[in-house]
Participant: 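Here's a structure for you.
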Amino acid sequence: MEVRELPLEDRFVEHFEEKGIESLYPPQVAAVEAGVADDQRVVAALPTASGKTLVAQLAMLTADGPALYVVPLRALATEKYETFSELPGVSVGVATGDYDGDDDGFEDDDIVVATCEKVDSAIRNGAEWVERLACVVVDEVHLLDARGRGPTLEVTLAKLQRLRPDQQIVALSATVGNADEIADWLDAELVQSTWRPVDLKTGVYDDGAIAFEDGENRRIDADDRPPTTALVADALDEGGQSLVFVNSRREAQQLAAELADEGFAAAPEIAEEIGPDATTSTGEALASAAKGGVAFHHAGLRAEHRSIVENAFRERELRVLCATPTLAAGVNVPARRVIVRDTERFTGEGYDPLPVLEVHQMFGRAGRPGLDPYGEAVLVATGENADSLRERYVGAEPEPVESKLAAREPLRTHVLATVAGGFADSREGLRDVLASTFFAHQRDESELRDLTDEVLAYLDATGMLRRDGGLAATDLGRLVSRVYVDPLTGAEVVEAVETAAAMERVTALTILELVCDTEDMTTQHVRNDEAGRLSEFAMRREDQFTKSVSEFEGNFQSWLGTLKTARLLADWADGADAETIDERYGVAPGDVRRLAESAAWLLSATEVIAEHLADGAVGRDADAESDAAADGGETADADYESVVDRIRETREALVERED
DNA sequence: CCTCAGGTCTTTTAGACAGCATGTC
DNA sequence: CTAAAAGACCTGAGG
């Protein structure tokens with residue numbers, strides 16, 4: 001099937017032809033036959049790089065109104081925004097947390113690219129553009145399975161369909177065990193294929209040879225070198241780049257250093273590009289590896305370094321990339337040979353084997369369409385596990401996608417948002433909304449009832465929702481839902497701000513500790529040699545914290561992590577540079593940035609909540625004073641205003657540091 | 001006294017979404 | 001509060 005045969009306007013046909021897209025790939029033909037270009041709902045479960053983006057564009061460009069493209073990562077949003085912006089005469093907008101501002105600009109856009117959470121937030125805040133969508137494309141729907149974020153995706157999709165039941169939905173998925181179930185839920189036709197534009201050969205390296213799935217056996221002389229080194233060297237001999245997946249940052253850096261020492265290739269210009277900013281230990285290690293044509297990639301890298309590495313690898317200036325799983329799901333960085341060295345990951349409860357889906361996504365990075373003759377994905381066996389690796393990951397079907405909605409955390413968030421957003425005003429109404437989720441389709445809505453009731457009781461007890469006959473969110477509940485924090489965070493903030501308002505000394509550290517100790521914040525680990533110093537510091541500054549240090553309730557060790565994070569952020573807000581933070585706390589620049597971003601977000605939510613409390617306190621003070629006048633007793637001396645001021649100052653200092 | 005091999009104890013372990021509020025002549 | 005592997009620390013033998 002040719003592009004010109006599609007029901008597209010001429011300018012789009014020309015655009016695609018200019019890009020070299022003239023005829024469709026087989027899975028794309030299947031999607032067209034299923035009706036993507038004809039307003040039909042379609043679920044396309046296809047391998048990476050098999051042309052899903054074109055399928056999405058066909059749906060969006062033929063839809064009868066504005067379209068939304070939902071992605072799981074901000075980096076992906078930027079990538080898609082750039083792609084769609086090239087379409088002639090199409091106005092595209094991006095809605096993600098880091099593109100602030102023009103929230104109402106989307107009214108005029110033909111395509112909006114957004115993260116799932118941003119869409120959820122827009123719905124909660126009553127944005128009008130979400131109600132007009134004729135077409136919604138969901139990228140990476142298999143993330144319905146993700147514990148942290150899947151529930152948001154399914155609830156958001158359920159809400160979007162309620163807002164416009166007739167809208168076209170197109171869901172793009174990796175190959176999963178139960179794509180049919182997802183299609184069924186969305187009332188869509190399933191298009192499934194394993195076709196790829198580049199051949200993929202998958203194999204297991206063991207005992208000096210790669211045993212490929214197709215029977216080929218490729219000898220690789222290790223010559224005393226570790227298997228991974230030999231595999232990389234072999235790929236380089238054939239003129240191909242390698243992408244090696246390992247399971248920790250330390251491994252990634254160490255392996256990069258070892259491979260750089262082998263002297264395979266050199267990329268002095270990349271080292272130089274990294275060089276000037278390589279003040280931290282991470283940056284230095286990266287620059288030094290780059291001299292040998294090798295790099296590593298993990299979330300501790302500064303954003304600038306990360307994109308230098310990605311681009312240099314794409315341009316073939318770097319020949320080897322050692323990465324943590326960041327790269328498997330993120331932006332497209334393909335390589336001739338993908339080497340999966342580690343297939344186990346620490347989970348907090350020992351080591352777990354990686355899910356098949358994840359390993360397949362790593363495999364999927366093998367082979368550059370149009371550039372490599374084929375892609376190779378190689379698992380590295382250790383000891384006697386070659387057969388079990390092969391059985392588990394090669395040619396095995398990925399796990400089915402399972403809804404994670406039936407848990408306390410996602411339910412308390414989404415139950416509150418559903419009520420606060422006006423989607424339900426009774427338990428029956430709430431059930432009705434929940435009945436349209438993927439969970440209900442897969443299991444049964446009734447399985448959510450006990451947890452939902454428990455969550456409703458919690459929301460009532462924390463003053464976010466009332467259950468008198470029907471269900472109604474309180475002012476606090478609406479606020480918490482709109483600022484997009486977990487109700488537990490909301491409750492923690494309310495309590496801490498109330499404590500702070502009665503405190504003598506409220507500093508930036510007070511405020512930072514307050515937000516770092518909420519459910520929505522991730523904190524740093526405390527190294528053994530830091531613990532003593534930190535708890536000493538905590539004792540010294542006890543009067544600055546909203547909780548008692550000397551009579552600590554709960555896990556003191558983990559609170560020290562909270563404190564470490566708060567101190568680090570206080571230093572950062574105070575102007576300390578990445579190098580200083582790295583030396584003082586052993587925290588990499590990418591992590592500092594991420595923590596600062598989260599804290600800034602939570603501080604803004606905290607500010608709004610504190611203002612709300614301040615308003616309430618005015619009323620309460622008046623009451624208290626009249627009571628006091630009646631008793632002739634004390635007056636309330638809680639000072640919310642100065643807490644609000646301190647929160648604002650702290651947030652501003654932190655935001656200013658975001659260069 | 002220094003070095004190095006080998007054993008034992010200790011430490012560490014991936015990633016990344018989200019925002020209110022408005023003024024101004 | 002799980003388990004694997006690197007790293008820190010320790011010990012003892014040999015130069």
Side-chain angles (χ1 to χ4, degrees), chain A residues 70-77 95-101 103-104 114-125 127 143 146-153 156 245-255 296-301 303 306 323-330 342 344-354 358 362 382-383 410 413 417 478-486 489 518-522 524-531 555 557-558 586 588 590-591 593-595 597-612 644 647-648 651 655:
Chain A
V70 184
V71 291
L73 299 171
R74 299 196 295 215
L76 247 31
T96 66
D98 54 354
Y99 279 80
D100 40 309
D103 258 12
D104 1 273
T115 53
C116 173
E117 285 76 9
K118 188 67 181 191
V119 178
D120 185 16
S121 164
I123 294 173
R124 294 185 190 195
N125 286 285
L143 279 159
R147 197 165 294 284
R149 304 178 59 199
T152 303
L153 183 55
T156 301
F245 284 105
V246 295
N247 65 3
S248 78
R249 294 178 180 187
R250 191 173 51 196
E251 296 287 342
Q253 295 203 22
Q254 200 161 292
L255 183 62
F296 55 85
H297 188 287
H298 59 63
L301 292 184
R306 222 201 259 208
T324 55
T326 359
L327 222 55
D342 299 337
E344 290 194 319
R345 169 175 47 213
F346 181 78
T347 59
E349 296 173 17
Y351 275 81
D352 276 357
L354 292 175
E358 232 169 287
M362 294 174 182
T382 49
T413 296
R478 270 193 297 274
L479 211 54
V480 165
S481 173
R482 276 169 48 209
V483 299
Y484 211 80
V485 294
D486 185 326
T489 292
T518 59
E519 175 71 11
D520 279 306
M521 186 69 188
T522 48
Q524 284 302 116
H525 260 290
V526 175
R527 290 195 319 272
N528 222 271
D529 56 314
E530 295 176 300
N555 189 339
Q557 270 304 314
S558 99
D591 296 312
R593 193 51 171 273
R594 214 187 61 253
L595 291 169
E597 204 176 73
S598 296
W601 162 59
L602 283 166
L603 282 167
S604 73
T606 302
E607 192 177 320
V608 172
I609 292 170
E611 272 167 359
H612 169 80
V644 171
I647 295 169
R648 183 177 306 119
R651 179 177 57 91
V655 171

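Bear in mind that the values here come from a model prediction, so they are computed numbers and not experimental data. Every chain is numbered from 1 and lettered A, B, ... according to where its sequence line falls, protein lines coming before strand lines.
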Participant: In whole Å, I'd like the distance from the CD1 atom of A:Ile609 to the C1' atom of B:dG19.
Facilitator: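 From A:Ile609 CD1 to B:dG19 C1': 11 Å.
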Participant: What does the 5'-to-3' dot-bracket notation of DNA chain C look like when only Watson-Crick and G-U wobble pairs under 3.5 Å count, and pairs to other strands show as |?
Facilitator: ..|||||||||||||
Participant: Apply side-chain contact (heavy atoms from CB on, under 4.5 Å) to residues A:Glu519 and A:Thr413 and explain how you reach the verdict.
Facilitator: CA-CA 12 Å; A:Glu519 175 71 11; A:Thr413 296; over 6 Å; no
Participant: According to side chain to side chain contact (heavy atoms under 4.5 Å, CB included), who are the partners of A:Thr382, at least two apart in sequence or on a separate chain?
Facilitator: A:Asn385
Participant: Looking only at heavy atoms, which two atoms of A:Arg124 and A:Ser481 are closest? And how far apart?
Facilitator: NH1-O, 3.0 Å
Participant: Write down the distance between CG (A:Leu602) and C1' (B:dC20), rounded to a whole number of angstrom.
Facilitator: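 For the pair A:Leu602 CG and B:dC20 C1', the rounded distance is 13 Å.
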Participant: Using a 4.0 Å heavy-atom cut-off across all strands, classify A:Arg651 as base, sugar-phosphate, or nothing.
Facilitator: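 Touches a base.
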Participant: Please work out if A:Glu251 contacts a base, only the sugar-phosphate, or nothing of the nucleic acid, heavy-atom cut-off 4.0 Å.
Facilitator: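 It contacts sugar-phosphate atoms only.
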Participant: With a non-hydrogen cut-off below 4.0 angstrom, is A:Asn125 in contact with a base, only sugar-phosphate, or nothing?
Facilitator: sugar-phosphate
Participant: Check A:Tyr484 against A:Trp601 and note the closest heavy-atom contact, atom names and distance.
Facilitator: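 For A:Tyr484 and A:Trp601, the tightest heavy-atom pair comes out as O-CZ2, 3.2 Å.
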Participant: Can any side-chain N or O of A:Arg651 pair as donor or acceptor with the backbone N or O of A:Ser604 at less than 3.5 Å?
Facilitator: no
Participant: Determine, for nucleotides 10-17 of chain B in 5'-to-3' order, which nucleotides have protein heavy atoms under 4.0 Å from the base (write B), from only the sugar-phosphate (write S), or from neither (write -).
Facilitator: -SSBBSBB
Participant: Just to confirm, is there a sub-4.0 Å distance from OP1 or OP2 of C:dA5 to any side-chain nitrogen or oxygen of A:Gln254?
Facilitator: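 No, no such contact exists.
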Participant: Just the rounded figure in Å: distance from P of C:dA6 to CG of A:Leu255.
Facilitator: 12 Å
Participant: Just N and O in the side chain of A:Ser604: are any of them under 4.0 Å from OP1 or OP2 of B:dC20?
Facilitator: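 False: A:Ser604 side-chain N/O out of range (4.0 Å or more) of B:dC20 OP1/OP2.
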Participant: Step by step, work out the side chain to side chain donor-acceptor pair (under 3.5 Å) result for A:Asp98 and A:Thr96.
Facilitator: CA-CA 6 Å; A:Asp98 54 354; A:Thr96 66; 2.5 Å; yes
Participant: Expressed as a whole number of angstroms, how long is the span from A:Asp342:CG to C:dA3:C1'?
Facilitator: 14 Å
Participant: Are more than 12 heavy atoms from other residues, nucleotides or ligands located less than 6.0 Å from atom CZ of A:Arg147?
Facilitator: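 Atom CZ in A:Arg147 is not crowded, with 12 or fewer foreign heavy atoms closer than 6.0 Å.
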Participant: Identify the nucleotide, in any strand shown, that forms a Watson-Crick or G-U wobble pair with B:dA18, with both distances under 3.5 Å; if there is none, say none.
Facilitator: none
Participant: If you measure from CD on A:Gln253 to CG on A:Leu301, what distance do you get to the nearest 0.5 Å?
Facilitator: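 The CG atom of A:Leu301 is 7.5 Å from CD of A:Gln253, to the nearest 0.5 Å.
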Participant: Looking at every non-hydrogen atom in both residues, tell me the closest pair between A:Val70 and A:Thr115 and how far apart they are.
Facilitator: CG1-C, 4.3 Å
